[in-house]
Amino acid sequence: MLKYYKDLFNPKLSELEHGSYITIGTFDGVHKGHQRLISNVVREGKKNNYSTIAITFDPLPKTFFGNGGSDSSRLTSPYTRAERIGANGIDILIEYTFNQSFSTISAADFINEILVGLNPKKIFIGEDFRFGYKGSGNSAVLKQAGLTFGFETKILKFIELGKERISSTRVRHAIKNGNLELATELMGKHHEISGKIVRKMNDFKVSFVPNYDIILPPAGEYMVDIGDYNDKHSTKAIILNPNKSIDIILAKPMINSFSNDNVILRFLQSGTTIKNEEIKLKTYKERRTILS
Ligand SMILES: Cc1cc2nc3c(=O)[nH]c(=O)nc-3n(C[C@H](O)[C@H](O)[C@H](O)COP(=O)(O)O)c2cc1C
Ligand SMILES: Nc1ncnc2c1ncn2[C@@H]1O[C@H](COP(=O)(O)OP(=O)(O)OP(=O)(O)O)[C@@H](O)[C@H]1O
């Protein structure tokens with residue numbers, strides 16, 4: 001069971017007396033590259049009987065700095081990210097609020113005031129990992145600090161798919177292009193958002209609104225699973241405008257079974273099952289708009 005801490009400075013956790021193995025990153029989407037990094041921490045940590053820790057940030061540093069454009073829109077809510085990190089076997093997740101004062105912590109202070117208190121024995125990062133004010137900390141800085149504080153730094157090579165590096169940015173592009181199949185392959189999970197059914201148009205058509213500002217594929221038709229944790233139904237979702245609600249067309253009128261609760265919408269693939277009369281209706285509507 002994952003333990004989830006927020007904003008721990010100078011931590012002194014009794015469970016870490018023996019030592020810890022740590023990984024650090026934004027981990028949005030927890031894609032297969034992240035999973036490899038995490039599984040190295042978990043495998044080696046368990047073997048040596050150390051607690052395993054993931055350190056992460058919210059909001060995403062890219063979003064905070066506002067320089068990512070649509071590349072910084074989120075794949076996962078903090079909750080879904082935590083859930084995926086926990087499912088990969090990490091013991092402790094520490095999430096830091098990435099605000100103005102946090103962003104100006106120097107690399108040395110990040111090591112002294114955050115990492116050292118966690119009693120690290122080994123820190124696992126990918127090739128490009130940077131940390132601290134203006135990104136001045138890197139693997140060389142960690143290796144040097146390890147000589148003083150008694151930890152190792154392990155740098156993992158990037159995992160690729162189709163000779164291209166897997167990254168959160170690549171998953172975001174795949175979703176923006178409506179390529180849900182590629183997004184699923186890169187994450188090893190379907191793209192999912194939690195939200196609420198806010199309106200019932202008729203027994204077969206409801207309106208879903210996401211709880212969190214998560215990236216959506218473009219307007220179009222998608223095959224989805226919708227349901228709560230116990231119950232899910234494969235059906236069809238229509239996105240008319242990615243900033244608004246999503247229309248769900250139900251295969252059978254079963255929505256009462258999860259009426260007021262949070263439901264999870266998982267995008268399986270782009271849809272191909274649109275009916276003829278719906279296509280006609282759509283064309284007609286579009287023509288009228290152009291004429292008026
Ligand atoms: C204490 C701290 C301060 C940071 N300050 C900056 C900064 O001033 N400018 C910047 O571009 N990124 C800054 N970052 C973000 C890092 O460059 C990087 O995005 C973050 O550590 C997450 O790593 P990842 O992008 O590999 O997931 C900072 C990170 C940390 C931990
Ligand atoms: N393909 C990969 N293989 C192995 N490690 C990776 C891979 N991608 C990222 N990492 C590592 O995972 C940690 C977290 O990375 P981060 O969250 O910045 O992922 P990212 O995919 O590079 O995100 P973004 O595309 O938004 O920059 C870092 O240590 C990073 O080096």
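Note: hydrogens, waters and symmetry copies are ignored here, and every other heavy atom, side chains too, is used. Just so you know, ligand 1 is whichever comes first in the structure, and atom 1 is the first atom listed for that ligand. Computed from a predicted model, the values in this text were never measured in an experiment.
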Quiz item: Does Phe57 have a non-hydrogen atom less than 4.0 Å from ligand 1?
Solution: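 For ligand 1, residue contact (heavy atoms, under 4.0 Å) with Phe57 is present.
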Self-check item: Closest approach of Ile155 to Glu127 (non-hydrogen atoms, all atoms of both residues)
Solution: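 The pair with the smallest heavy-atom distance is CG2-CA, 3.8 Å.
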Practice problem: Mind listing the closest non-hydrogen atom pair of Val209 and Ser245 along with its distance? | Solution: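 Minimum heavy-atom separation between Val209 and Ser245: CG2-CB, 3.7 Å.
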Using a 3.5 Å cut-off on N or O atoms only, is [X] in polar contact with ligand 2?
X: Gly126; value: yes
X: His31; value: yes
X: Phe27; value: yes

Which of the ligand 1 atoms, numbered from 1, are nearer than 4.0 Å to a heavy atom of [X]:
X: Ile105; value: 1 (C), 3 (C)
X: Gly25; value: 27 (O)
X: Thr26; value: 22 (C), 24 (P), 25 (O), 27 (O)
X: Lys134; value: 5 (N), 6 (C), 7 (C), 8 (O), 9 (N)

Starting from [atom], locate the nearest protein heavy atom and write down its residue, its atom name and how far away it is, to 0.1 Å.
atom: atom 5 (N) of ligand 1; answer: Ser103 O, 2.8 Å
atom: atom 20 (C) of ligand 1; answer: Arg130 O, 3.6 Å
atom: atom 11 (O) of ligand 1; answer: Phe65 CE1, 3.6 Å

Residue selection (non-hydrogen contact nearest [atom]) among [options]:
atom: atom 13 (C) of ligand 2; options: Val30, Leu37, Thr26; answer: Leu37
atom: atom 30 (C) of ligand 2; options: Ile159, Leu75, Asp128, Ile155; answer: Asp128
atom: atom 26 (O) of ligand 1; options: Tyr96, Phe129, Phe27; answer: Phe129
atom: atom 6 (C) of ligand 1; options: Pro61, Ser101, Ser106, Gly132; answer: Gly132
atom: atom 22 (O) of ligand 2; options: Lys62, His173, Arg165; answer: Arg165
atom: atom 14 (N) of ligand 1; options: Tyr133, Phe131, Phe64, Phe98; answer: Phe98

With atoms numbered from 1 as shown, which atoms in ligand 2 lie under 4.0 angstrom from a non-hydrogen atom of [X]?
X: Gly25; value: 14 (C)
X: Ser167; value: 21 (O), 25 (O)
X: Arg172; value: 26 (O)

Quiz item: Looking at ligand 2, does His34 have a heavy atom less than 4.0 Å from it?
Solution: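 Per 4.0 Å heavy-atom rule, His34 contacts ligand 2.
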Quiz item: Below 4.0 Å from any atom of ligand 2, is there a heavy atom belonging to Glu160?
Solution: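 It does not; every heavy atom stays at 4.0 Å or beyond.
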Quiz item: side-chain hydrogen bond (donor to acceptor under 3.5 Å, both in side chains) with Tyr21: which of Asn48, Thr52, Asn40?
Solution: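 Going through Asn48, Thr52, Asn40 one by one, the side-chain hydrogen bond (donor to acceptor under 3.5 Å, both in side chains) with Tyr21 is satisfied by Asn48 alone.
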Contact check, side chains of [X] and [Y], non-hydrogen atoms, under 4.5 Å:
X: Ile193; Y: Ile246; result: yes
X: Ile92; Y: Glu15; result: yes
X: Phe131; Y: Leu142; result: yes

Exercise. Flag the pair Phe124 / Phe129 as yes when their ring centroid distance falls below 6.0 Å, and as no otherwise.
Key: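 No, ring centres 6.0 Å or more apart.
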Exercise. Indicate, with yes or no, if the rings of Phe110 and Tyr133 have centres closer together than 6.0 Å.
Key: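 Not under 6.0 Å, so no.
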Could you check whether atom [atom1] of [X] has more than 12 heavy atoms from other residues, nucleotides or ligands sitting under 6.0 Å from it?
X: Arg130; atom1: CZ; value: yes
X: Lys154; atom1: NZ; value: yes
X: Glu160; atom1: CD; value: yes

Quiz item: Charged N to carboxylate O below 4.0 Å: is that the case for Lys62 and Asp28?
Solution: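 Salt bridge between Lys62 and Asp28, a charged N being under 4.0 Å from a carboxylate O: no.
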Exercise. Salt-bridge test for Asp247 and Arg199: reply yes if a basic N is under 4.0 Å from a carboxylate O, no otherwise.
Key: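 Looking at Arg199 together with Asp247, the answer is no, because their closest N to O distance does not fall below 4.0 Å.
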Exercise. Report the part of Ile24 in contact with ligand 2, treating N, CA, C, O as backbone and CB onward as side chain, heavy atoms under 4.0 Å; options are side chain, backbone, both, neither.
Key: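 Answer for Ile24: backbone.
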Practice problem: Answer side chain, backbone, both or neither: which part of Lys32 comes under 4.0 Å from ligand 2, heavy atoms only. | Solution: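 Neither part.
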Quiz prompt | Steps toward side-chain hydrogen bond (donor to acceptor under 3.5 Å, both in side chains) verdict (Asp7, Thr97) | solution = CA-CA 6 Å; Asp7 297 322; Thr97 306; 2.9 Å; yes
Exercise. Tell me which part of Phe110 gets within contact of ligand 1: side chain, backbone, both or neither, using heavy atoms under 4.0 Å.
Key: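 Under 4.0 Å from ligand 1, Phe110 contributes side-chain atoms alone.
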Quiz item: Any chance the side chains of Thr76 and Arg84 put a donor and an acceptor closer than 3.5 Å?
Solution: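 Their side chains do not contain a donor-acceptor pair, so the 3.5 Å distance test is not met.
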